[in-house]
Amino acid sequence: MDQVYVLGLLVVFAGVLIGFYALMRERDDLHRILLTDLAEILALALIALVATDLAEALILPGLVVGISELLAVSEVYLAKEDLRTPPTAPPFRIEVMESAPGIMALILVAYGIILSGFTGGAVAAVGAIFYFLCRGQNEQFAIIETVSGYAWVFWIGAFFIFMLLPAYWFFAVMIAGGAILVKVMAKMSLIGTMRGGEHV
Amino acid sequence: MFNLPVTNIGGSELFVLEFGDIVNYFSVYTAALFAFALIFTALAIVSRPEKMVDIAFGGDAYYTKEIDPGLLRFQRFMAIACGLATLGAVVSGDVFNFTLFVSMVGITNIGIVAAYKNKHVLNAAFQYGIVAMLATVPLFGGAAIVLATTGTLSLWELYTAAVAVPLIAKIFLVLGVMGEGMAPFYIAKAEITRAQGAPFILMVHVSSLLVFLRVVEIVISM
Amino acid sequence: MSMAMSPEFLLGCAVLLIGITGTAFPRPRSYVSRLISLEIPAFGLLLIMLSFDETLALLTFIAVTAIATFVLVRVIERRGSV
Amino acid sequence: MNDLLAILYGAVALIGAVSAVVQTDSLNKLISIAIIAGGVIPFLVDRGYLDVAIAVGLIIPVTTIIILLVCMRDAV
Amino acid sequence: MIEYLIFALFIGLLFHGIHRKVIARVQGRPGPPIWQEILHTLKFSFKETWIPKTASQTLFVAVVLVAIGIWSAALFILLSGGSILLLFGIYLLHKIVEHGLGLSSGSPYGKFGAIRSVISAASELPLFATVGLIYFFTHSLMLSDIIAYQQVHGPLLIAAFPAAIAMYLVILSKLHYSPFAIIEAKEIVSGNMTEHFGIWRAGLEVGYAIKTYVLLYAFVLIFIGQLPLLAALLLMLLILVSLSFICAVSPMLSPYDTVTVQSLVTGAIAVYIIVLGVILA
Amino acid sequence: MTRPGLVISRISRVLSDYENLSALYALLVVGGVIIGIVTLPFIGYDDDQLYPKTLDPSSSLHPYDRGGEPFGTTDVAAQYPENSPYLGYVTAYLTPFSAFLADSTMHLGTTIVSHPGGITDEILYNTRGLDTVVETSILFVAFAIAAYLFRREE
């Protein structure tokens with residue numbers, strides 16, 4: 001394991017050198033965002049190298065932090081460059097976008113619900129985003145946001161059950177798994193409705 | 001049950017708060033930081049922002065800027081979230097938990113300044129955001145190296161003399177906190193400071209200084 | 001735990017390094033090309049996670065990468081390509 | 001997986017990776033990405049993670065379609 | 001404790017006066033009497049006091065109280081032999097007071113002062129080099145342990161000379177009229193203190209006086225060791241006079257240059273620590 | 001304008017432009033990583049890890065089979081087992097649906113264990129639950145920022 005770890009560390013360090021060197025040379029802000037996404041991969045690789053169940057449990061928060069920051073920073077970018085108007089170029093259509101979304105989104109969302117927790121939330125969100133992408137969106141922004149807010153509160157409740165009333169661990173697991181699924185899925189699928197424009 | 005292994009850096013242990021594997025502690029040092037964060041969070045909750053005075057050149061006229069209530073509410077929310085994250089970070093007894101709190105500090109800081117419409121301030125906020133995102137590499141990387149090389153994340157174990165933390169992990173942790181809190185990179189912060197809303201802007205500085213002070217304690221004690 | 005170096009791990013390291021180089025210095029130097037190049041190191045990381053049997057993390061990672069791609073596409077769309 | 005197959009699929013993934021870096025056209029790059037996926041998914045199957053392989057197999061095309069959105073806009 | 005606080009306040013204000021006097025004499029001016037600052041503080045205490053209408057009222061008052069509070073706490077740490085990390089933590093938190101002073105008033109000059117205070121925040125960096133180097137020698141950051149170490153091994157001033165330089169620089173950057181004092185440069189009126197007058201200004205003077213006393217006394221304790229009070233005071237006065245000489249003959253740096261100078265010093269000491277660590281390890 | 005201390009003012013000029021901020025930070029990290037590569041020979045993997053992976057390829061829960069009996073004791077290498085009195089209960093528990101899947105196929109270990117229960121949930125929700133609290137809060141905050149900026153334009 002020692003050799004594997006040291007080799008892995010060497011590879012990631014080399015990657016950091018290359019990636020951050022490119023970033024030093026970069027002057028364009030959007031390119032910088034893309035490169036920070038690359039940096040995110042390197043951070044996760046460092047955690048993955050630990051190779052235990054704990055590492056796996058740490059990757060999940062790491063991932064969510066990464067996507068959260070990306071979301072916030074990209075929105076700041078749009079605000080600062082004043083790129084307010086949705087794209088107006090002619091819509092792009094391929095056949096698969098007519099037939100696939102229904103069934104694929106359904107599979108992903110159903111699978112996500114079975115998985116539950118973060119993983120389920122992320123998988124289901126991909127399905128939802130894909131659906132919004134191809135079929136257009138009806139703005140249910142406020143409702144979804146409220147749902148996700150409540151899901152967050154439920155999860156905090158589950159946390160306190162674990163800490164204060166550990167005998168009821170079973171309810172806590174169920175609440176936590178369900179609430180995080182709903183929360184992550186709701187938040188991330190909302191991104192799908194934020195694309196804007198009527199062309200889709 | 002828990003005895004702080006190192007009392008000659010942050011003072012003696014006062015109080016322990018257990019959350020499963022994550023055991024937070026209040027030593028004299030962390031309790032002082034906690035109290036300070038608490039004071040400024042409270043200030044962010046109760047105080048109204050100042051009215052910035054702009055002087056029109058070429059005459060005696062001056063006017064004060066009023067703050068948009070929506071912006072005010074949003075900034076106050078962000079400042080409180082930032083305060084809570086700081087409170088968590090300064091008493092955390094676990095390296096990874098600490099890094100998570102620090103990245104929350106980073107993201108709330110972006111939020112506080114990103115609310116302004118001033119392009120100059122937004123641009124600074126954006127550059128700051130990029131650095132905060134980059135900082136996750138050394139931050140989480142540092143925690144991961146600590147875990148891989150010592151087999152534990154708990155500061156209680158890491159502070160004992162038997163556990164040796166590699167230099168690179170310490171450097172990474174400090175670099176990570178520097179990036180999230182912008183500790184020595186004050187240039188973007190100076191631009192940010194030009195914006196209105198003193199109690200909230202102040203929270204940016206409070207949080208970054210406190211997490212930096214905390215990481216110094218962690219790195220020296222390890 | 002796999003003590004020896006598994007082929008997945010070595011392949012993952014190779015793909016990761018190739019991908020990082022490709023993303024750091026993309027050809028051509030456009031947003032879209034860099035965005036597509038980002039997928040390559042993601043596959044490298046996928047293989048590394050696979051070699052440690054971290055499949056739950058792997059699944060989440062792939063899903064989150066798809067979402068991140070969407071976020072970036074949204075920005076590039078509005079920015080217009082350069 | 002026997003060594004021969006591992007080398008073969010590994011080679012597919014590597015060729016895909018190198019080609020994705022070298023290609024200059026966006027669509028060609030996307031095709032190369034698909035080749036990497038073709039090389040990687042057998043490793044998932046081989047380790048016995050059918051469920052993961054299926055999910056990854058579903059999500060990768062979704063990513064590709066999302067990227068196609070900007071590629072085609074460029075082409076138009 | 002309270003009588004010691006008043007004593008420290010008195011000495012601190014007196015030091016401020018001496019500082020002005022020395023600078024004036026070096027520059028060939030008569031200068032104000034040395035008790036000028038004490039009179040100042042008294043004068044401000046009895047003047048009319050109000051809060052500007054544009055200010056963020058709560059914050060405007062709170063920072064003054066925080067300033068007095070943290071430096072009293074710092075004095076307490078010094079006397080009880082507490083952690084110098086906490087002492088330096090308080091020094092960093094003083095920065096927040098500076099920001100708060102300038103930002104809360106709504107005045108453009110206060111704001112400029114606050115912005116400069118943010119820029120000059122690199123002045124804290126040398127402190128960490130100091131802490132790191134001291135820990136390297138003493139393996140403890142409790143003041144009582146450091147004093148005990150010096151009784152056995154002699155003053156740290158010799159062993160950890162670069163750390164002493166760093167801390168000297170830190171004290172210098174917080175002194176009035178120093179080349180690093182960009183936050184109260186005259187082109188922005190009184191910088192971040194511009195709008196604080198009356199009792200608030202008196203409160204600030206109190207806080208600053210205790211701060212000067214604490215920093216000088218800490219320097220003596222950390223680098224020379226425990227001395228009889230009179231000897232310690234004399235030594236503090238000597239350090240102050242040397243600082244005054246520097247202030248008197250050096251021009252104020254431009255804001256960003258102060259950052260560069262302070263960062264370079266920190267970097268040099270960090271390299272020194274690493275090299276020392278590698279050689280000794 | 002020529003100023004004394006040319007090097008210092010040149011550095012100051014670079015520092016004072018916040019467009020250089022990320023480049024400056026990248027430079028620092030590159031410096032750190034170079035130290036990391038130099039000290040790499042002194043870094044070793046500690047084999048005594050928390051929550052180690054123990055694989056049993058013949059199990060239908062592969063790679064997450066950690067043994068133990070539902071509602072009974074299961075061995076979990078937590079940092080402070082005494083802080084979690086019901087440690088291992090989540091690890092060993094399978095929902096009826098998961099149990100059905102586990103009985104019928106060998107290849108769905110990941111799916112089954114992700115369904116509420118399993119070692120990862122044990123860590124995420126029970127022993128290191130505070131991490132998850134922070135992490136969901138980060139998502140919450142990030143989304144609040146994005147939503148605020150996005151909706152302001154409307």
Side-chain angles (χ1 to χ4, degrees), chain A residues 1-2 4-6 9-10 13 16-17 20-21 23-24 26-27 32 50-54 56-58 60-61 64-65 68-69 71-72 75-76 78-79 84 114-120 141 145 152 155-156 158-159 162-163 166-167 169-170 172-174 176-178 180 183-184 187 190 194, chain F residues 19 22-24 26-27 29-30 33-34 36-37 40-41 43-45 47 49-53 64 66 84-86 89-90 93 97 110-111 114-117 119-126 128-143 145-147 149-153:
Chain A
M1 192 56 217
D2 208 45
V4 176
Y5 184 69
V6 171
L9 219 49
L10 186 65
F13 281 168
V16 173
L17 274 186
F20 278 66
Y21 175 72
L23 206 118
M24 271 163 63
E26 192 56 69
R27 308 297 306 172
R32 280 178 178 162
V50 180
T52 58
D53 283 329
L54 181 55
E56 192 158 1
L58 299 184
L60 301 183
V64 177
V65 171
S68 305
E69 291 188 335
L71 184 62
E75 204 57 47
V76 173
L78 290 179
R84 291 307 189 180
I114 293 175
L115 287 172
S116 82
F118 294 100
T119 317
F141 216 92
E145 251 195 298
W152 185 63
W155 156 234
I156 302 284
F159 172 71
F162 264 127
M163 291 305 140
W169 60 271
F170 176 73
V173 176
M174 290 302 148
I180 290 186
K183 158 144 190 89
V184 173
K187 284 279 182 241
L190 273 180
M194 280 168 64
Chain F
E19 288 283 336
S22 51
L24 189 68
L27 180 70
V29 174
V30 165
V33 166
I34 289 173
I37 292 177
L40 204 57
I43 294 180
Y45 186 83
D47 284 313
Q49 289 282 344
L50 298 173
Y51 309 98
K53 265 192 193 317
Y64 292 100
R66 299 291 174 270
S84 312
Y86 286 82
Y89 279 53
V90 181
Y93 173 76
F97 180 68
T110 312
T111 304
S114 180
H115 199 62
I119 179 72
T120 317
D121 281 358
E122 177 89 59
I123 303 170
L124 280 174
Y125 303 155
N126 188 357
R128 297 184 63 87
L130 193 59
D131 278 355
T132 317
V133 171
V134 184
E135 179 263 288
T136 46
S137 310
I138 292 174
L139 187 62
F140 189 76
V141 166
F143 209 84
I145 297 169
L149 292 177
F150 175 69
R151 267 195 258 168
R152 192 166 63 181
E153 70 188 85

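Only a predicted model underlies this, so the values are computations on that prediction, with no experimental measurement involved. All chains are named by letter (A, B, ...) in the order of the sequence lines, taking the proteins before the strands, and each is independently numbered beginning at 1.
- Of all non-hydrogen atoms in F:T111 and A:L115, the two that sit nearest each other are CA-CD2, 3.7 Å.
- Shown here for F:V30 and A:M24, the closest heavy-atom pair between the two residues is CG2-SD, 4.3 Å.
- Of the two parts of A:Y5, only the side chain, counted from C-beta on, holds a non-hydrogen atom closer than 4.5 Å to a non-hydrogen atom of chain F.
- In this structure, no portion of A:L78 lies under 4.5 Å from any heavy atom of chain F.
- Contacts of A:A158 with chain F are absent, with no heavy-atom separation under 4.5 Å from either backbone or side chain.
- Residues satisfying the ring pair (Phe, Tyr, Trp, His ring centres under 6.0 Å) criterion with A:F118, sequence neighbours excluded, are absent altogether.
- Under the side chain to side chain contact (heavy atoms under 4.5 Å, CB included) test applied with F:Q49, the options A:L54, A:D53, A:V50 reduce to a single match, A:V50.
- Ranking F:G129, F:G117, F:A147 against chain A, the residue ahead of the rest is F:G129, based on heavy-atom pairs under 4.5 Å.
- For the set F:T110, F:I123, F:I145, the entry with the most heavy-atom pairs within less than 4.5 Å of chain A is F:I123.
- Nearest approach of F:L124 to A:A57, heavy atoms of both residues: CD2-O, 3.4 Å.
- Taking chain A as the reference chain and counting heavy-atom pairs below 4.5 Å, the highest number among F:F140, F:Y51, F:Y125 is found for F:Y125.
- For chain F, the nearby part of A:Y21 is the backbone; its heavy atoms alone come within less than 4.5 Å.
- In this structure, chain F has a heavy atom under 4.5 Å from the side chain of A:I156, while its backbone stays farther away.
- For the options F:V90, F:T120, F:L50, heavy-atom pairs under 4.5 Å to chain A are most numerous at F:V90.
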